[in-house]
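What you see is a predicted model, and the numbers here were worked out from it, not measured in a lab. Quick note on labels: first sequence line is chain A, next is B, and so on, each numbered from 1.
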Amino acid sequence: MIRIVALRLVGALPNLAGVVVVTFLLTRALPGDPAAFFAGAAASAEAVEQIREKLGLNRNLVEQFGLYLRDLARGDFGQSLSTGQPVLTELVSRLPASLELTFCALVFATVVALPLGVAAARRPGSWIDHLCRLVTTAGVSLPTFFTGLLLAYVFYFLLGVAPSPLGRLDPVFTPPPPVTRMYLIDSLLAGEGTVFRACLAQIALPAVTMGLFVLAPLARMTRASMLGVLSSDFIRTARAAGLASPTVLYTYAFRNALLPVVTTLGMVFSFLLGSNVLVEKVFAWPGIGSYAIESLTASDYAPIQGFVLAMGVLYVLLNLAIDLLYGLIDPRVRLEA
Amino acid sequence: MNDAPPLLSVEGFGLEFRTRSGTVHALDGVDLAVRKGETVGLVGESGSGKSVLSFALLGISDRAARVTGGRAAFGGLELTRASEADLEAVRGREIAMIFQNPRTALNPIRRVGAQIEDVLRRHTTARAAELRERAIAALREVNIPDPERRHAAYPFELSGGMCQRVMIALALACRPALLIADEPTTGLDVTTQAAIMDLIAARARATGMATLFITHDLALAAEHCDRIVVMHAGHVVEAAPTAALFAGPRHPYTAQLIRATPAAESTIDALAAIPGNLPDLRRADLPACRFRARCARASARCDAPLPRLAPPPAHAVACWHPLDEARCA
Amino acid sequence: MKRRHFLQSGAFGAAAAAVPALWTAEAFAQARPRDVLVVANEFGPNSLDIHTVGANRPSYSVSWMCYDRLMTFGRKKLPDGQVMYDYTRLEPELAESWKIAPDGNSVTFRLRKDAKFHDGTPVTAKDVKWSFDRAVTVGGFPTFQMKAGSLEDPKQFVVVDDLTFRVDFVRRDKMTMMDMAVPVPSIFNAELVKKHATPQDPWGLNWTKSNIAGGGAFKVESWKPGQEIIYVRNDDWKNGPLPALKRVIQRDVPNAGNRRALLVKGDIDMTYSLPPKDFSEVAKEGGNVKVSSMPIENSIWYLGMLTSKPPFNNPKVRQAVAHAVPYDKLHASALYGRGAKMYGAASNDVRTTAWPQPTGYRTDIAKAKALLKEAGFENGFETTLSFDLGNGTISEPMAILIQESLAAIGIKATINKVPGANWRAQLLKKDMPMIVNRFGGWLNYPEYFFFWCYHSQDAVFNTMSYKNPALDKMIMNAKFAESRAIYDGEVKAMLKLAYEEVPRVPLFQPLMDVAMQKNVQGYMYWFHLEPDYRQISKS
Amino acid sequence: MRAALRHARYVLSDNPVTLAAFVLFSGFVVLAVAGPWLAPYDPLATDTARAMQAPSLAHWFGTDALGRDILSRIVVATRLDFGIAVSAVALSFALGIALGLAAGFFGGWWDRVILRLADTIMAFPLFVLAMGIVAALGNSVANIVYATAIINLPFYIRVARAEAGVLRNAGFVEAARLSGNGDWRILSHHVFPNILPPAMVQVSLNMGWAILNAAGLSFIGLGVRPPTPEWGIMVAEGATYIISGEWWVAFFPGAVLMLAVFCFNLLGDGLRDIIDPRRRT
């Protein structure tokens with residue numbers, strides 16, 4: 001197991017290198033001039049030049065890249081100019097919010113999509129199959145920014161059942177003592193049921209908004225994979241051996257069908273992490289997605305690089321987790337490594 | 001023995017598939033009987049409906065399948081009308097089935113012991129504590145070496161022959177009265193083939209189990225079966241005791257089939273191909289005799305409904321122009 | 001902490017446990033204490049210190065409330081009952097009194113004896129000098145702003161004794177005294193900051209960026225950049241009346257629709273940033289919400305044309321454009337009426353020195369066509385009309401309407417949205433032919449505005465690259481005018497010339513709108529446009 | 001060919017949802033082609049006197065803040081939105097399949113380099129990458145197309161590579177090779193047709209994503225220039241008016257955007273049924 005982890009980590013290094021280079025080039029190609037932006041309202045050309053020098057922007061690309069690598073090696077991701085904080089600090093403080101939201105969206109999507117996919121696969125062509133197709137296709141057809149606005153309008157403004165779309169926790173409450181920095185977990189750890197419920201209420205709408213969008217890949221994959229498995233030889237064997245339908249469906253078919261679903265889950269997760277920028281913006285969610293968008297519009301290089309790098313690392317870790325999960329389900333992977 | 005009612009008795013059985021591109025008339029008027037302790041070979045080209053028939057008997061057909069007529073009685077149970085619950089109770093306990101490609105026929109991510117235990121748990125009153133012992137015993141009965149260790153193995157860790165033994169152990173774990181063996185040796189090497197066939201025969205002898213042996217390999221059937229039933233395009237065309245069939249096949253198709261079967265001494269050149277293809281079973285106007293287009297002996301008479309097969313153990317043939325018993329061989 | 005315990009115990013908590021999760025937060029949101037103010041703005045501060053590089057506008061208000069200056073401005077009540085600062089009156093803050101030397105070349109401040117920083121150390125003249133030295137030395141915006149009041153050299157700042165501080169003037173400048181009451185010369189706890197200074201960073205900017213070293217009316221309890229800033233009252237504050245609010249929570253809510261919803265639902269007490277349409281509707285709807293509106297001094301929305309290149313180097317073309325602008329449409333559809341019209345006077349013959357004042361232009365397509373024909377562009381031409389996406393809510397509809405109107409006289413304009421971050425860089429390049437933009441200055445004098453926007457020194461805000469020696473002379477004459485009469489004459493001439501040459505077409509003077517719950521009292525307008533929670537209370 | 005048509009007819013009649021999607025799609029195509037002639041008003045003409053009117057007989061979908069007819073703007077926007085989606089998907093389809101085929105079929109360095117490229121793209125959150133590309137290349141519709149095409153590349157590369165890798169050793173390819181066919185001929189005549197069905201599944205998903213992606217970019221202010229009508233930007237414009245009760249400004253473009261993506265997705269499914277031989281019986 002440790003060997004798999006180590007191998008995987010080593011195998012991801014070229015990917016990370018690619019990410020670092022591409023990010024660096026991309027952000028340097030951005031047309032904005034951060035020096036002009038940060039020189040302030042009434043700066044002269046000389047003042048702008050001064051700041052440019054201060055930021056190292058007057059050096060050539062290779063030198064800038066060298067400086068960047070040196071800082072990275074020191075664990076220095078630079079400082080965000082627009083928020084004035086070290087990028088690493090901000091990423092670390094904002095990441096749990098994004099992860100929490102993404103996990104909740106994923107849980108929502110999984111809880112809805114998997115049973116739907118299974119039900120559809122059991123009776124292909126039936127009304128439930130068509131329903132599954134309709135629901136998931138409708139979900140993936142929703143522009144998240146639009147859904148978010150609409151949900152906030154209906155559930156907060158009109159019906160008043162949801163709390164204000166204002167970040168992770170209503171200001172009336174004090175956040176739970178930080179352990180994981182995910183409020184839902186921390187509030188449970190601290191035994192603060194009320195805060196937990198408040199957090200849950202707060203996260204519900206953004207999580208559903210994001211979750212709706214990834215229902216489709218999950219349900220589709222579940223359905224397709226389930227269909228494939230249900231027509232496979234060993235299911236025929238299980239049926240020929242007279243095993244009860246639930247046993248055939250869950251112990252035999254579903255666990256096997258999960259394999260490709262787990263792979264999809266990884267893709268969906270990284271997809272969610274990336275696409276939650278818009279949702280975070282709509283719900284004032286203090287995650288890294290909104291951080292990235294804000295930095296991008298401010299031509300603030302350091303946070304974008306840090307963000308993308310963090311995403312790269314997260315992606316590698318995620319795939320590692322997926323591989324391990326895969327190994328848990330599939331002995332062939334586990335034992336052959 | 002001949003007087004006892006057959007264990008499995010199929011009469012006039014018909015089945016079709018409703019597919020997107022039309023209705024496939026897969027089986028039509030199939031008659032078949034298997035007696036206790038008897039090994040019956042069901043022989044025919046691929047696509048002749050052998051497997052379809054066996055799946056239909058177990059009630060595990062594709063969702064598109066519809067039984068169009070006839071009866072299939074197993075003991076006192078009418079299989080075509082039995083409820084899903086009744087069928088589930090019969091499957092695995094009374095009628096067991098083994099398949100070709102044993103590797104894919106076993107759940108790849110479940111330990112083989114657990115798969116046998118699943119069947120035992122379902123069909124026997126064995127207590128949880130005994131399950132493991134009984135699964136190991138089942139493995140030992142099919143001559144798997146070191147069954148304790150194999151109990152915890154996954155299918156991908158076993159050879160194909162070993163997997164087929166596991167399949168047999170799984171199928172026989174509940175001592176079924178009838179075993180349907182659907183091409184059980186396809187894909188295995190010759191030595192393993194023989195070992196597997198011997199194993200099945202031995203188990204059948206030991207438990208008095210009847211066996212329906214489905215194969216496209218006439219030679220293999222000749223070696224192991226008491227009687228042989230030949231199928232062509234969803235029809236049973238001939239049924240006879242093995243020796244009688246080989247001594248004098250009466251249906252032109254059977255004769256060609258025998259000629260196409262390689263004997264140990266024959267060369268490639270000596271093998272005669274059967275001309276033509278199976279008819280498209282989607283056609284609405286299928287001829288009464290589905291072999292007609294491929295048959296050199298066909299005449300206008302062949303358009304009349306086929307003659308009924310005589311009941312076993314007679315040498316029965318469904319043909320208006322049967323071959324003379326003497327003319328063949 | 002207390003609140004949490006209250007919620008956990010008792011019937012309220014038990015009831016909350018019984019109802020679905022979604023309801024609870026809603027229920028609690030209603031019960032907000034009177035000395036807590038919740039504010040939502042589009043974005044919050046990016047630094048706690050106005051001296052740091054890139055400090056944004058919201059960070060000015062952090063300096064304003066958590067630091068003190070020697071002096072502050074007085075206030076005046078307007079006829080409509082609204083309150084605004086009065087730049088003609090300076091009042092004590094850290095200094096209890098000051099005296100201009102008889103020769104008029106210096107000013108001596110007497111500091112309060114009881115003034116203390118947040119950590120309890122008394123404020124001394126050394127701290128004041130250190131802070132002034134810092135402001136004129138660190139470079140960038142603070143140094144520039146100090147220079148605007150002729151505060152340039154650390155030698156000007158003299159510690160007389162612990163409680164006496166003197167500023168020597170380098171020249172007579174009517175803005176010097178005022179410039180000491182703006183947010184930049186905030187007084188820092190010098191010893192505290194020095195502890196965190198490094199050789200690379202002698203002024204400790206890295207530390208003050210995220211830490212307060214002042215003695216102002218509020219302390220920062222927590223600051224999460226991009227999310228929220230929470231202020232708590234400094235109960236030991238002696239340099240003014242103690243604020244009524246104990247706690248202010250200011251959150252960033254980027255979505256304007258959400259800000260309005262929060263306000264209407266009563267979940268926030270106040271917001272500074274809404275699109276004009278929302279302000280106008282919220283004001284009309286009334287209910288629990290009221291809107292305070294004040295024309296922003298020294299600030300103008302305008303349509304600028306690049307005079308250094310054809311076709312806009314031709315004044316006739318510029319006049320044609322000035323006649324083609326659909327002013328009233330812009331006023332109704334882009335500003336929703338929330339701005340004073342800077343057009344439609346009888347003529348460009350300026351009669352008063354009122355600033356800002358309307359031009360003589362009004363929409364007249366026929367006249368515009370005629371002028372264009374005179375200029376030799378009978379068949380029109382193609383050009384690009386750019387605007388800052390950061391101001392998109394207002395400038396985008398303006399650009400679209402102007403584009404449509406220009407098409408009527410044959411000018412085909414392509415609209416170019418420039419992301420907020422690139423806007424300043426684009427302005428510096430001086431190559432956008434036409435722009436819709438807004439500019440405003442802190443110091444409310446027309447010649448100050450003109451110095452930046454029309455003078456041939458070609459500063460960044462002379463976005464049209466307009467160069468006219470005659471106008472330059474008028475601007476400088478007005479700036480250093482010896483008498484009122486000369487000043488008035490120069491200002492009038494300056495305005496008339498600028499309006500006739502029309503390198504930029506003035507459109508509107510924007511309004512400073514703030515929407516708040518009816519129970520919020522004491523809001524006042526400041527030149528820096530940022531919230532000042534010290535006077536605000538809730539009834 | 002006739003069999004294929006019959007099969008298509010069968011699939012359509014068997015699956016009313018696909019049929020409906022097909023009808024809807026045809027409608028969109030008509031709008032995309034003839035939109036400017038079908039729109040009841042000039043989509044760019046402002047009229048501040050009739051600004052912010054609720055849906056009525058004269059203006060079915062109401063008017064926006066500048067008094068422009070929303071229905072007309074939506075109708076005219078169809079061509080642009082479809083154009084972006086179709087060209088982006090076509091681009092990533094062509095390039096991705098070519099790269100994937102090369103990787104899977106030739107293996108070795110080809111494979112390593114191309115796979116690394118795909119992995120590098122995939123390691124970014126796709127929407128953020130698209131934002132970055134448009135911001136870096138410049139703010140234009142063409143760059144939206146490129147950005148969308150680039151972020152979708154890996155999907156096609158993977159599909160093509162996987163299939164080509166399997167097919168490389170498949171019997172019929174071997175047979176084609178033995179009968180003297182060159183690599184290119186084998187790729188184009190034997191491997192490519194087999195890649196089509198799984199690639200079509202990707203297309204079905206990507207068409208929708210492409211439209212959403214473009215709309216998302218417009219939403220944050222990248223891409224389309226005003227006053228050009230485009231669905232995403234219209235939603236963004238209308239978003240601020242939802243709370244004040246002018247729901248129609250954002251709702252109709254949003255609904256049409258959704259409907260188009262929905263239609264693409266359903267159609268993709270149907271297309272797969274028609275194309276995928278494995279589902280033919």
ask   = If you round to the nearest 0.5 Å, how far is CG of A:L142 from CZ of D:F262?
value =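 Nearest 0.5 Å value for the CZ-CG distance: 9.5 Å.
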query = Could you state the interatomic distance from OH (A:Y153) to CH2 (D:W247), rounded to the nearest 0.5 Å?
reply =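 Rounded to the nearest 0.5 Å, the OH-CH2 separation comes out at 10.0 Å.
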inquiry  = I need the contact set between residues 111-120 of chain D and chain A: heavy-atom distance under 4.5 Å, sorted by residue number.
reply    =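 Heavy-atom contacts from residues 111-120 of chain D to chain A are D:R116, D:D119, D:T120.
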inquiry  = If I measure from the heavy atoms of chain A, does D:A236 come under 4.5 Å with its side chain, its backbone, both, or neither?
reply    =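 No part of it gets close to chain A.
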request  = Not counting sequence neighbours, which residues clear ring-ring contact (aromatic ring centres under 6.0 Å, His included) with D:F82? List them please.
outcome  =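 Listed in chain order: D:F28, D:F264.
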Residue part contacting chain D, namely of A:L318, when any heavy atom lies under 4.5 Å =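 Contact with chain D: none, neither part.
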task = Indicate the atoms forming the closest heavy-atom contact of A:F213 with D:L212, along with that distance.
result =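 In this case the closest contact between A:F213 and D:L212 is CE1-CD1, 3.3 Å.
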